[in-house]
Structure formats: structure tokens, C-alpha cells
Amino acid sequence: MRVSTVTATALGPLLWVSSAAASQSPKRGLVYTPNENWPADDTIWSNKTSGLTWYYNFGWNASSAYASVPQSQFEFVPMMWGAGSPNGTDTYFLGNITATAKAGRNITHVLSFSQPDQPFTNGGSEMKPLVAARAWVGNAVPLREMGIKVGLPMVGDPYSWLDQFRKNCTVLLTKAKGGKETECEFDFVPLTSYGNFSVLSSRIGMFTAALPDIPIWVTEFGYNNQELNVTQAFFNESIAYLDKTKIVERYAWFGAFRSVVSNVGPNQAMLDPYGELTDIGAWYLGENGTGTAALPTDGTGGNKSCTADNPCGGAKNAGESLVAEGGLMTWRWAGLCLLHLAVMVSL
């Protein structure tokens with residue numbers, strides 16, 4: 001890894017040892033993002049020494065990069081991102097998870113709907129509470145009966161949409177149980193957070209107050225589009241808080257990609273343009289800081305390629321493209337809508 005002596009001197013002890021990374025935490029996981037351009041980067045997160053214990057990829061099937069990695073080393077948590085049919089009566093997710101389990105993958109937890117209270121254009125799965133309730137009864141309820149733990153739908157707040165969903169779910173499940181009133185149960189509460197530390201702690205507090213004693217999973221968080229010192233300070237404060245807060249069972253920093261394809265600002269990325277760990281990337285894996293800049297400082301900018309004449313920081317990188325074709329990472333906001341549509345078309 002390239003360590004800058006100048007940067008190390010300027011940042012002092014913070015560069016080399018982060019209090020948040022003094023030890024690895026079994027809570028830490030990975031938000032896996034598609035990486036067709038630099039597939040070798042994927043191995044960074046599944047390495048036995050990485051300390052990361054689990055991951056999800058917004059889908060039901062394990063990522064091909066980790067298909068051969070045992071669950072005991074790097075647990076895959078499937079997600080039922082949205083319903084597989086417009087009215088929510090399908091059981092595609094149940095069928096896929098059942099088949100996956102029979103094939104030998106030990107599935108112990110699943111995530112359910114991703115931002116069903118938000119429209120497709122904002123990256124949500126855009127589901128009416130009644131449709132989501134139907135899909136839950138048809139898929140999540142049988143999975144829980146199999147002993148698999150299921151997360152509540154991932155929403156912006158624990159009130160309006162979620163209240164309607166739970167009421168609809170109780171009515172449908174009660175009917176399915178022959179009239180005996182039965183509430184739809186869940187095992188953990190996933191949430192996301194983007195903003196400063198107050199935003200993160202407030203969101204955890206809000207969900208904990210509304211749904212007491214239920215484990216929290218912070219499935220995606222960060223402080224996007226900030227200066228480096230602000231991002232690093234947030235990282236250290238938030239990681240320490242998440243590690244010591246007992247109600248938080250798992251969490252995942254959003255940044256497992258190169259800085260030049262980040263849609264949340266370069267400083268939140270855990271990899272530099274060449275696939276080497278930034279300070280935050282190293283800290284997240286329980287290592288000392290690297291001094292590696294999130295963006296190159298040699299004047300190449302974010303839209304040019306490394307060449308033999310302009311190696312972008314070293315001959316080692318000669319000829320490597322800094323930016324993948326297609327520009328910045330827009331998959332999260334638009335791609336997930338396509339994922340939802342693809343599932344429906346495949347039925």
C-alpha cells in the first residue's frame with residue numbers, strides 16, 4: 001500500500017491507529033456493490049483476515065464472487081427487495097431461499113423489503129402496505145416457521161407506512177390461521193442512515209423507542225459528500241458508538257468500492273482509484289491507516305486514464321483505467337428498479 005510520509009506527518013496518530021479499528025467487530029458487514037470492472041477488489045472483503053462476518057447484495061442469491069465462500073466464514077444474508085408480482089401474491093422468494101437451503105447454503109437471516117415507502121426513482125421498492133403484507137405472509141411467515149430470522153421492512157420511519165403494513169399483515173395472517181388473531185412477527189429491525197452522527201444516533205433511538213428490545217441492523221450508513229477530516233471523524237465516532245450499543249446487532253458502512261465510482265463522495269469510499277484501501281477502508285477491516293488518498297493528487301482528475309506516459313502515481317498502475325465506462329455509480333438508484341422489474345418479468 002502506498003503510504004504518504006507527508007500525509008502521515010500532517011494527520012499524526014489518527015492516520016495510523018483509529019480507536020474504531022482497535023479491534024475487529026463481529027457486527028461489521030458488507031454492502032456488496034456490483035463490480036464488473038475490477039473483480040479482484042471483491043476478495044478484499046471476503047478475506048479471512050478482513051474481520052467482516054456477513055454481507056448482503058440487495059438480492060436473494062449469493063454474489064458469484066463469494067459463491068464458494070462458506071457461510072461460517074462470510075455469511076450471505078438474502079434480501080426480498082420487493083414483491084415479485086404487482087399484487088404481492090407470489091412466493092418466488094420463499095421458493096428461491098428454500099432451494100438455496102436444500103442446496104447446502106445455511107441461511108439463518110433474511111432481509112425484507114428495501115424502502116417500500118419510497119418510489120422507484122428514489123431507489124425504493126415502492127410498495128403499498130397491503131401488497132407488502134401479502135408478500136410477507138406468503139414468503140416471510142413460512143421462512144420464520146423454518147427457523148430463519150426475518151427483518152422488518154426497511155423504511156424511513158417506524159410509523160405511517162409501517163403501521164399500515166403491520167395492521168394489514170395481522171388481518172391477512174389471522175385469516176390464514178382460520179380466524180385466530182395472529183400478528184406478523186419479525187426478528188430484527190433494519191435501517192439506513194445518511195448524515196452526521198446526530199442523524200445516525202437519532203434514527204437508532206427513534207426505531208428503538210417505537211420497537212423496543214428488537215435488535216437493530218444498520219444495513220447502510222455514512223456521511224456522504226463531506227471533506228476528508230469530517231468523514232473520518234464521523235467514521236470513528238459512529239463505529240465506536242455502534243460497537244458499544246447493545247441493541248445494534250449488525251452494521252455495514254456503505255463504501256466498498258473505488259472512490260472514482262462513488263455516488264456518495266470520494267471520501268466515503270474504502271478503496272482508492274487503484275483498488276488499495278484508504279484509511280477508512282483499513283480501519284473498517286481492523287487495520288492501521290494507510291495514508292492512501294481517496295483521489296489522485298497528480299492532476300489526472302477523475303475522468304482520465306492512467307497510461308505509460310501518465311501513470312497516475314506510479315508505474316505499477318500504468319495503463320489502468322481510473323473510471324469505468326458508464327461514469328459514476330448510478331446503479332443503486334436506477335439499477336434496483338431494474339432488479340425489481342427483472343424479477344417480475346422472470347415469473
**Item:** Straight-line distance of Ser259 OG to Glu276 CD, nearest 0.5 Å
**Value:** 11.5 Å

**Request:** For Thr192 and Met154, run side-chain contact (heavy atoms from CB on, under 4.5 Å): C-alpha distance rounded to whole Å, both residues' side-chain angles, the deciding distance at 0.1 Å, then the answer.
**Result:** CA-CA 8 Å; Thr192 64; Met154 193 185 310; 3.4 Å; yes

**Message:** Using the rule that Ile, Leu, Val, Met, Phe, Trp and Tyr join whenever any side-chain heavy atoms are under 4.5 Å apart, tell me whether Val155 and Val199 fall into a single cluster.
**Reply:** no

**Message:** With rounding to the nearest 0.5 angstrom, report the CD1 to CG distance, Ile280 to Leu285.
**Reply:** 12.0 Å

**Asked** Between Arg144 and Glu185, is there a salt bridge with N-O shorter than 4.0 Å?
**Response** yes

**Prompt:** Does Ser262 reach the main-chain N or O of Gly265 with its side chain, forming a donor-acceptor pair under 3.5 Å?
**Reply:** yes

**Item:** With Glu75, the salt bridge (Lys or Arg N to Asp or Glu O under 4.0 Å) member among Arg28, Arg105, Arg250
**Value:** Arg250

**Request:** Please lay out, stage by stage, how Asp272 and Thr278 fare under the test side chain to side chain donor-acceptor pair (under 3.5 Å).
**Result:** CA-CA 6 Å; Asp272 78 347; Thr278 61; over 6 Å; no

**Prompt:** Do Val77 and Asn57 have side chains that get closer than 4.5 Å, going by heavy atoms?
**Reply:** no

**Item:** Pair Tyr92-Asn139, side chain to side chain donor-acceptor pair (under 3.5 Å): steps then yes or no
**Value:** CA-CA 8 Å; Tyr92 87 94; Asn139 294 271; over 6 Å; no

**Asked** Would the Phe186 and Phe188 ring centres measure less than 6.0 Å apart?
**Response** no

**Request:** Check the hydrophobic clustering (I, L, V, M, F, W, Y; side-chain heavy atoms under 4.5 Å; chains of links allowed) and say if Val230 and Met270 are grouped together.
**Result:** yes

**Partner of Tyr223 by ring-ring contact (aromatic ring centres under 6.0 Å, His included), out of Phe235, Phe234, Trp253** = Phe234

**Asked** Between Phe254 and Phe257, does the ring centre distance come in under 6.0 Å?
**Response** yes

**Request:** Please report the shortest heavy-atom distance between Asp117 and Gly156, naming the atom on each side.
**Result:** OD2-N, 2.9 Å

**Prompt:** Can any side-chain N or O of Asn236 pair as donor or acceptor with the backbone N or O of Gln232 at less than 3.5 Å?
**Reply:** yes

**Item:** Side chain Thr98, main chain Leu94, donor-acceptor under 3.5 Å
**Value:** yes

**Asked** Just by distance, do the side chain of Thr290 and the backbone of Thr292 share a donor-acceptor pair under 3.5 Å?
**Response** yes

**Request:** Could you tell me whether the side chain of Tyr56 and the main chain of Thr219 form a donor-acceptor pair under 3.5 Å?
**Result:** yes

**Request:** Flag the pair Arg134 / Leu130 as yes when at least one side-chain heavy-atom distance between them is below 4.5 Å, and no otherwise.
**Result:** yes

**Prompt:** Can you check whether Pro78 reaches Leu111 side chain to side chain, under 4.5 Å on heavy atoms?
**Reply:** no

**Request:** Please say whether more than 12 non-hydrogen atoms of neighbouring residues, nucleotides or ligands are located less than 6.0 Å from CD in Gln73.
**Result:** yes

**Item:** Considering all heavy atoms, the nearest Ala133-Asn168 contact
**Value:** CB-CB, 3.7 Å

**Request:** Please step through side-chain contact (heavy atoms from CB on, under 4.5 Å) for the pair Thr108 and Ile148, ending with a clear verdict.
**Result:** CA-CA 5 Å; Thr108 59; Ile148 295 175; over 6 Å; no

**Message:** Contact between Trp45 and Val31 at the side-chain level, heavy atoms closer than 4.5 Å - yes or no?
**Reply:** no

**Within-4.5 Å side-chain heavy-atom neighbours: Pro190 and Leu152** = yes

**Asked** Roughly how far, to the nearest 0.5 Å, is the CG atom of Leu200 from the OG atom of Ser238?
**Response** 6.0 Å

**Request:** Using a 4.5 Å cut-off on heavy atoms from C-beta on, say whether the side chain of Asn61 contacts that of Asn96.
**Result:** no

**Item:** Sole candidate of Trp217, Tyr251, Phe74 that passes ring-ring contact (aromatic ring centres under 6.0 Å, His included) when paired with Trp54
**Value:** Trp217

**Asked** Counting distance only, does the side-chain N/O of Asn196 pair as donor-acceptor with the main-chain N or O of Ser198 below 3.5 Å?
**Response** yes

**Asked** Looking only at heavy atoms, what is the nearest atom pair of Gly195 and Asn224, with distance?
**Response** N-OD1, 4.4 Å

**Complete:** Closest non-hydrogen atoms of Val218 and Phe221, given as atom of the first, atom of the second and distance, are CG1-CB, 3.7 Å

**Request:** Taking the side chain as every heavy atom from C-beta outward, state whether Pro158 and Phe207 have any atom pair closer than 4.5 Å.
**Result:** yes

**Asked** Out of curiosity, does Leu211 fall in the hydrophobic cluster containing Leu242 (side-chain heavy atoms, cut-off under 4.5 Å, transitive links)?
**Response** yes

**Message:** Rounded at 0.5 Å granularity, tell me how far CE in Met146 sits from CD1 in Ile97.
**Reply:** 8.5 Å

**Prompt:** So, does Ser112 use its side chain to make a donor-acceptor pair with the main chain of Met80 at under 3.5 Å?
**Reply:** no

**Prompt:** Of all heavy-atom pairs between Phe113 and Ser125, which one has the smallest distance, and what is that distance?
**Reply:** CB-OG, 4.3 Å

**Request:** Tell me, yes or no, whether the heavy-atom count around Glu145 atom CD, taken from other residues, nucleotides or ligands under 6.0 Å, exceeds 12.
**Result:** yes

**Prompt:** With no hydrogens and no angle check, is any side-chain donor or acceptor of Thr182 less than 3.5 Å from a backbone partner on Thr174?
**Reply:** no

**Message:** Is the distance from the ring center of Tyr66 to that of Phe76 below 6.0 Å?
**Reply:** no

**Asked** Side-chain heavy atoms under 4.5 angstrom apart, residues restricted to Ile, Leu, Val, Met, Phe, Trp, Tyr: same cluster for Ile44 and Trp283?
**Response** yes

**Asked** Same cluster for Phe58 and Phe120 if Ile/Leu/Val/Met/Phe/Trp/Tyr side chains link at under 4.5 Å?
**Response** yes

**Request:** Let me see the working for Ser85 and Asp90 under side chain to side chain donor-acceptor pair (under 3.5 Å), right down to the final yes or no.
**Result:** CA-CA 6 Å; Ser85 62; Asp90 66 279; 2.9 Å; yes

**Request:** State the CG-NE2 distance between Asp187 and His109, to the nearest 0.5 angstrom.
**Result:** 7.5 Å

**Prompt:** At their closest point, which heavy atom of Pro153 faces which heavy atom of Trp136, and how far apart are they?
**Reply:** CD-CZ3, 3.8 Å

**Message:** With a 4.5 Å cut-off on side-chain heavy atoms, are Ile239 and Tyr284 touching?
**Reply:** yes

**Message:** I'd like to know whether Arg203 forms a side-chain contact (heavy atoms from CB on, under 4.5 Å) with Asp157, so could you lay out the CA-CA distance, the side-chain angles of the two residues, the decisive distance to 0.1 Å, and finally the verdict.
**Reply:** CA-CA 8 Å; Arg203 286 187 58 71; Asp157 66 67; 5.6 Å; no

**Request:** Give a yes or no on whether the backbone of Pro119 and the side-chain of Thr121 come within a donor-acceptor separation of less than 3.5 Å.
**Result:** no

**Asked** What's the spacing between Glu183 CD and Thr170 OG1 if we round to 0.5 Å?
**Response** 5.0 Å

**Prompt:** Any Lys/Arg nitrogen of Asp41 or Arg258 sitting under 4.0 Å from an Asp/Glu carboxylate oxygen of the other?
**Reply:** yes

**Request:** State whether the side chain of Lys27 and the backbone N or O of Val248 hold a donor-acceptor pair below 3.5 Å, judged by distance alone.
**Result:** yes

**Item:** side-chain contact (heavy atoms from CB on, under 4.5 Å) between Ser63 and Tyr55, intermediate numbers included
**Value:** CA-CA 10 Å; Ser63 299; Tyr55 79 98; 3.7 Å; yes

